[in-house]
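Position 1 is the first residue of the sequence; numbering continues from there.
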Amino acid sequence: MESEFIVLDKAEEEAEWLHDFLEDISCWDKPVPSVMIQCDSLSALGRARNSLLNSSSTSLSEMGLKIEKVNGKELSYSEFAEKYMAQNQPVVLTGLMDDWRACKDWVSANGKPNLHFFSTHFGKSKVQVTDCGTREFTDQKRIEMTVSEFIDHWLRVSAADNGDNTDCGTAGRSLLYLKDWHFVKEYPEYIAYRTPMDFSDDWLNFYLDKYRMHNDPDTYSERNEISCSDYRFVYMGSKVLLGSVQILEMDAGTWTPLHADVFRSYSWSANVCGKKQWYFLPPSQRHLVFDRNMKSSVYNIFADVSQSKFPGFEKAIWWECSQEENEVIFVPSGWYHQVHNLEDTISINHNWFNGYNLSWVWDLLLKDYNEASEYIEDLKGCDDFEELCQRNLAANTGMNFSDFFIFIVRFAFANVVLLHTLVHGKNETSREPSETVQHIYFNLESIRSIAVKMKPINAGDRQGVLLDLRKDLEDHSFIELCAAVGKTYELIHGRSEVTRALSQCKETMFSDFIRSQVQCSEDLVTFIDDALTKLGGDFSG
């Protein structure tokens, strides 16, 4: 029965998409011939399209807000955290990719993607690609193929665009964009890059390296892009087509439709080669790209956007950014964005969250939970109503309340273990907490604030969750999680004060604590308060 409601939810989505599609079909008083445009400027294409369609679509000439570019080598972690993560502001960083192997192996001498290298070394990998010219519900149509097949298609399309139309019909000219390739998981021995320090406090991928986010076999799938093994991706897409582009039939070049990132996470995207154009909308204007019911959002900001369905669209104030080769862009939580490849492009992309944006994840979960419960409100009297809501939440959002609660408890445990390690290994003459200790305080306070928010709805104990720090300390995966976080904080703050003593923490850990078990959000608040009182006091001077 539970799976039926997931299917019903998808059916409603499909019906809504079909309604939107039919509504957006323009009605012309007389036939309008296709217009052929050869142009290397998205701005010009956008203006030409708007003129032809006589629509209310956003013109790039209206997008005057630029995103700051900063030399990443001159920016400390604390400066990045305070100015961009804490303020939830986008930025482009330069100078962070100089020593990446990917920038050598993956790029040809002419600056273009080294497609032969990919086909030779990684050609058998199965990947997801999108057909940029075909909409499927709220996203582009996805196709599975090997890397070699994708590159063969890329080369055929490129040859046809240069005048060689041999063996390349309409289907063969589809613009395919390789997305969400879990390259790091598939090729762990090939170190293509190292995560820049500013983005290294990555709780999401730390966790997924050791645990699954959701363990229900009915909703978990190895190939599911949401309940996936990690959120570290490689993207590959071809340039804007200059010849034979019928702008009434095809969007120019590979692109990604308007969206906000999964879990409302942060993301970073590094251009190994090529150039991208980004269009951003801040969270405060999110409502302007949604319909009146806040259920459906604009798919393509350069399409003929329906004024009746999206009455606020014309009021949106967009930020724009051209991202060059060897530049990294930071995308904050909740910022809607649409991205176009202006040249043949390879990029590396991560989604992640930490103490700075954990509240965004909880807010999304709570919103999606309320929508899931409203959708099956007629079943509210059933004994398994709550279980249905949580299963649908996990299927549609990627985790449910129980998954999120386990996640934040394990990170609370890990931070307390690290704090305990620092307390027992600290220099007796120190009177002030180090930057690492302050970082851990911040993490625990962030988790505590989420646990307080979860209290009124008993989000943690609905699934009978019981976590025990004593047992976790016997778990190799948990110790590895602590070590990964500890090493990252050593890198960020430039001090080797955590991992060297981590192996000894079990012997001294529990003399400091009354409580080691957490079953609900209230237990978690008490556990954190107890830890900060007993361990934090050692740094009071």
Side-chain angles (χ1 to χ4, degrees), residues 2-3 6 125-128 144 179-188 195 201-233 261-267 349-354 357-358 360-362 364-365 368-369 372 386-415 417 447 450 454 459-469 471-485 488 518-519 521 524:
E2 294 89 338
S3 59
I6 295 172
S125 294
K126 288 188 177 180
V127 292
Q128 293 282 313
E144 185 178 273
K179 296 183 178 181
D180 302 338
W181 181 8
H182 297 273
F183 185 89
V184 171
K185 282 287 187 180
E186 193 168 354
Y187 298 99
T195 301
D201 190 14
D202 179 350
W203 296 9
L204 178 59
N205 288 300
F206 286 156
Y207 189 82
L208 291 174
D209 284 343
K210 306 303 173 188
Y211 305 97
R212 283 183 174 179
M213 184 62 76
H214 187 75
N215 288 307
D216 187 336
D218 291 337
T219 55
Y220 181 87
S221 169
E222 293 289 347
R223 302 299 297 177
N224 187 323
E225 66 170 340
I226 292 182
S227 297
C228 70
S229 58
D230 72 337
Y231 285 85
R232 307 177 184 101
F233 306 117
D261 284 329
V262 62
F263 301 133
R264 296 304 177 263
S265 59
Y266 295 142
S267 66
N349 308 271
H350 284 205
N351 293 95
W352 95 103
F353 49 80
N354 55 36
N357 65 337
L358 195 61
W360 283 88
V361 183
W362 169 246
L364 176 69
L365 269 178
D368 287 357
Y369 168 78
E386 182 60 29
E387 182 182 352
L388 289 174
C389 291
Q390 294 298 329
R391 288 169 68 85
N392 282 351
L393 181 61
N396 296 325
T397 307
M399 66 172 98
N400 59 24
F401 286 170
S402 175
D403 302 325
F404 182 69
F405 183 70
I406 292 170
F407 175 91
I408 64 173
V409 170
R410 282 193 171 130
F411 267 93
F413 283 176
N415 277 273
V417 167
I447 294 170
I450 300 300
M454 297 174 79
D461 59 355
R462 291 185 178 209
Q463 305 295 316
V465 175
L466 175 62
L467 291 154
D468 191 332
L469 180 53
K471 291 183 178 178
D472 274 353
L473 283 169
E474 301 295 333
D475 178 10
H476 186 65
S477 293
F478 177 74
I479 295 300
E480 288 185 338
L481 174 66
C482 293
V485 176
T488 298
V518 172
Q519 188 168 17
S521 52
L524 180 55

Chemist: Run the side-chain contact (heavy atoms from CB on, under 4.5 Å) test on Thr195 and Trp352 for me, step by step, so that the C-alpha distance in whole Å, both residues' side-chain angles and the decisive distance to 0.1 Å come before the verdict.
Modeler: CA-CA 12 Å; Thr195 301; Trp352 95 103; over 6 Å; no

Chemist: Supply the atom-to-atom distance Glu386 CD to Leu388 CG, rounded to the nearest 0.5 angstrom.
Modeler: 9.5 Å

Chemist: Report the C-alpha distance between Trp362 and Phe405 in whole Å, list the side-chain angles of each, state the deciding distance to 0.1 Å, and finish with yes or no for ring-ring contact (aromatic ring centres under 6.0 Å, His included).
Modeler: CA-CA 10 Å; Trp362 169 246; Phe405 183 70; 9.9 Å; no

Chemist: Can you give me the closest heavy-atom contact between Asp261 and Ser267, atom names plus distance?
Modeler: OD2-OG, 2.7 Å

Chemist: With a 4.5 Å limit on heavy-atom distance, are the side chains of Asp368 and Asn396 in contact?
Modeler: no

Chemist: Do Phe407 and Phe353 pass the ring-ring contact (aromatic ring centres under 6.0 Å, His included) test, and can you show the C-alpha distance, the side-chain angles, and the key distance before you say yes or no?
Modeler: CA-CA 12 Å; Phe407 175 91; Phe353 49 80; 5.4 Å; yes

Chemist: Set out, in order, the CA-CA distance, both residues' side-chain angles and the distance that settles side-chain contact (heavy atoms from CB on, under 4.5 Å) for Ile406 and Tyr211, then state yes or no.
Modeler: CA-CA 11 Å; Ile406 292 170; Tyr211 305 97; over 6 Å; no

Chemist: Over 60° means perpendicular and under 30° means parallel, so tell me whether Phe401 and Tyr369 are parallel, tilted or perpendicular.
Modeler: tilted

Chemist: What's the shortest heavy-atom distance between Ile447 and Leu524, and which atoms?
Modeler: CG2-CD2, 4.0 Å

Chemist: To the closest 0.5 Å, what do you measure between CG (Asp180) and CG (Asp230)?
Modeler: 10.5 Å

Chemist: Would you call Asn354 and Phe411 a side-chain contact if the rule is heavy atoms closer than 4.5 Å?
Modeler: no

Chemist: Is there a side-chain contact between Tyr207 and Met213 in this structure, where contact means two heavy atoms from C-beta onward sitting under 4.5 Å apart?
Modeler: yes

Chemist: Ignoring hydrogens and geometry, is there a side-chain-to-backbone donor-acceptor pair from Asp201 to Val485 under 3.5 Å?
Modeler: no

Chemist: Nearest heavy-atom pair of Ala372 and Cys389: which atoms, and what distance?
Modeler: CB-O, 4.2 Å

Chemist: Within this structure, what is the CG-CD distance for the pair Asn392 and Glu387, rounded to the nearest 0.5 Å?
Modeler: 10.5 Å

Chemist: Once rounded to the nearest 0.5 Å, what's the spacing between atom CG of Leu208 and atom CG of Asp202?
Modeler: 9.0 Å

Chemist: What verdict does the ring-ring contact (aromatic ring centres under 6.0 Å, His included) test give for Phe233 and His182, after you've listed the backbone C-alpha separation in whole Å, the side-chain angles of each residue and the deciding distance to 0.1 Å?
Modeler: CA-CA 5 Å; Phe233 306 117; His182 297 273; 5.0 Å; yes

Chemist: I need the Lys210 NZ to Ile479 CD1 distance, nearest 0.5 Å.
Modeler: 11.5 Å

Chemist: Between atom OG1 of Thr397 and atom CZ of Arg264, what is the distance when rounded to the nearest 0.5 Å?
Modeler: 9.0 Å

Chemist: Among Trp360, Tyr231, Trp203, Phe404, which residue satisfies the ring-ring contact (aromatic ring centres under 6.0 Å, His included) criterion with Phe263?
Modeler: Tyr231

Chemist: Mind listing the closest non-hydrogen atom pair of Ala394 and His214 along with its distance?
Modeler: CB-CE1, 3.4 Å

Chemist: Just by distance, with hydrogens left out, do Ser402 and Gln390 show a side-chain donor and acceptor under 3.5 Å apart?
Modeler: no

Chemist: Could you go through Trp181 and Ser125, starting from their C-alpha distance and side-chain angles, then the distance that decides it, and tell me whether this counts as side-chain contact (heavy atoms from CB on, under 4.5 Å)?
Modeler: CA-CA 9 Å; Trp181 181 8; Ser125 294; 4.0 Å; yes

Chemist: So, are Asp209 and Arg232 salt-bridged, with charged N and O less than 4.0 Å apart?
Modeler: yes

Chemist: Please evaluate residues Val417 and Leu469 with respect to the criterion side-chain contact (heavy atoms from CB on, under 4.5 Å), reporting the C-alpha separation (whole Å), side-chain torsions for both, the decisive distance (0.1 Å), and the verdict.
Modeler: CA-CA 9 Å; Val417 167; Leu469 180 53; 4.1 Å; yes

